[in-house]
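Inspection log for the structure reproduced underneath, given as structure tokens.
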Amino acid sequence: MARTIRDHVSEKLEKNMEDSLREALQGGAETGHEETAADGKQNGSSASRNNSSSDDEADLFTFADYDEAESERAGYTNYSYWGSTVRMFFKDKGAVFCLIVMIAIIAFTIIQPYLPGQRDPYTINTDSELFIPLRNVAPCAEYWFGTNSIGQDLWARIWAGTRTSLFIGFAVAMVEAVVGITMGVLWGYVRKLDFLFTEIYNVLDNIPQTIVLILIAYIMTPSVKTLIFAMSLTGWIGMARFIRNQILIIRDRDYNLASRCLGTPTKRLVFKNLLPYLVSVIMLRMALAIPAAIGNEVFITYIGLGLPATTASLGQLIEDGRQVMMNASQRYQLIFPAVVLSIVTISFYIVGNAFSDAADPKNHR
């Protein structure tokens, strides 16, 4: 009897445990279904948000096409040497003003003979009634700069003389630049020629240029060609010496040694690696060579060994004005050509210095 009651209680407990376990399993399944449904809803909302954001990004951004040429321009800069040089030069207002004056004078000397009402610089003007030369006529409405001692129009002679002097100055500067740069590069780059050029320099540099000008003027017929030849005979040596010194400084730098090791031709190395560094100093020396040549022409004509009286030049006009400068009424014959000469030489000097500073890459930003 006791055993029957114990068995009955055991069966009852086992049945209750099975019912509890079954209910727990059913509750977990329902909870899992609910969580799965919630996760599905969340995933659906996330997917919808991702789709909408993708649509927005598609509207805002587009894929760039691959360009091989543009990919090669990595690290490219829009720096321009000449552009920077021009910008730096035009920041100097004084140099810009002198450049405008210089260009105006050069242009006017060229077009002056073709303007209406201009007189011939070599014609002797005479009185229409008395038929006598109009000597030493003071500046007036008819003769703006007056006339000289033989009746020639000083206005026309000054611009004709400026034309001659500028031509001499530019010609000498070009000869000095071409010969001086060529000889300077050979002198500094080719080591075997150093001794030869050094001896030539020592000989020519110790001869005063004034002596050379006087000797050439005595030996050859006075003319524009004679003056250009005499000034260029020794004028190039200063440019060559300067270029040689600069070449020696930059010849053995690392990038030049690397270029030579890679087999770069000498011509390309000189024009690409060496001369671009010397643009500023070359332009400065050329700009200063022009007023220096005009000054030499004035000097050699002043001492009576320059151009003949049939060729007007600033030197000839200043020499004529010097002879009458003690007479107050005729002093204008010296003042006008001297003023024009001063404006030309000062303008070239200021423009040359300003351009030299602007052409220096160290001043570029």
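If you read the sequence from its start, that first residue is 1, and numbering goes on from there.
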Between the main-chain N or O of Trp187 and the side-chain N or O of Arg244, is there a donor-acceptor pair closer than 3.5 Å? no

Any side-chain donor near an acceptor of the partner, Trp155 and Gln118, under 3.5 Å: yes

Could you check whether any side-chain N or O of Tyr189 sits under 3.5 Å from a backbone N or O of Leu248, counting only pairs where one atom can act as donor and the other as acceptor? no

Which other residues belong to the hydrophobic cluster containing Phe229, where Ile, Leu, Val, Met, Phe, Trp and Tyr are joined when side-chain heavy atoms lie under 4.5 Å apart, directly or via other members? Ile207, Val212, Ile216, Ile219, Met220, Leu233

Do side-chain atoms of Tyr122 reach the backbone of Ala312 as a donor and acceptor pair under 3.5 angstrom? yes

More than 12 heavy atoms of other groups within 6.0 Å of Phe108 CZ: yes

Hydrophobic cluster partners of Ile211 (side-chain heavy atoms under 4.5 Å): Leu215

Just do the side chain to side chain contact (heavy atoms under 4.5 Å, CB included) check on Tyr332 and Asn136 with the steps written out, would you? CA-CA 10 Å; Tyr332 63 89; Asn136 301 322; 4.2 Å; yes

Show which residues join Val324 in its hydrophobic cluster (side-chain heavy-atom contacts under 4.5 Å, direct or indirect), or state none. none

Please name all residues satisfying side-chain contact (heavy atoms from CB on, under 4.5 Å) with Ala358, sequence neighbours left out, ordered by chain then number. Thr85, Met88, Phe89

For residues 287-297, please give each side-chain donor-acceptor pair under 3.5 Å, one per line with the distance, not counting sequence neighbours.
unit_1: Asn296; atom_1: ND2; unit_2: Ala292; atom_2: O; d: 3.3
unit_1: Glu297; atom_1: OE1; unit_2: Ser165; atom_2: OG; d: 3.2
unit_1: Glu297; atom_1: OE2; unit_2: Thr301; atom_2: OG1; d: 3.1
unit_1: Glu297; atom_1: OE2; unit_2: Ser313; atom_2: OG; d: 2.6

Would you say that Ile132 contacts Thr126 through its side chain, given a criterion of any heavy-atom pair below 4.5 Å between the two side chains? no

Given the ring of Phe242, does Arg285 sit roughly above its face, with NZ or CZ under 6.0 Å from the centre of the six-membered ring and within 45° of the axis? yes

Residue pairs meeting salt bridge (charged side-chain N to carboxylate O under 4.0 Å, His left out), one or both in residues 103-124, sequence neighbours left out, come to Arg119-Glu142

Run the salt-bridge test on Asp205 and Arg241 with the 4.0 Å N-O cut-off and return the result as yes or no. no

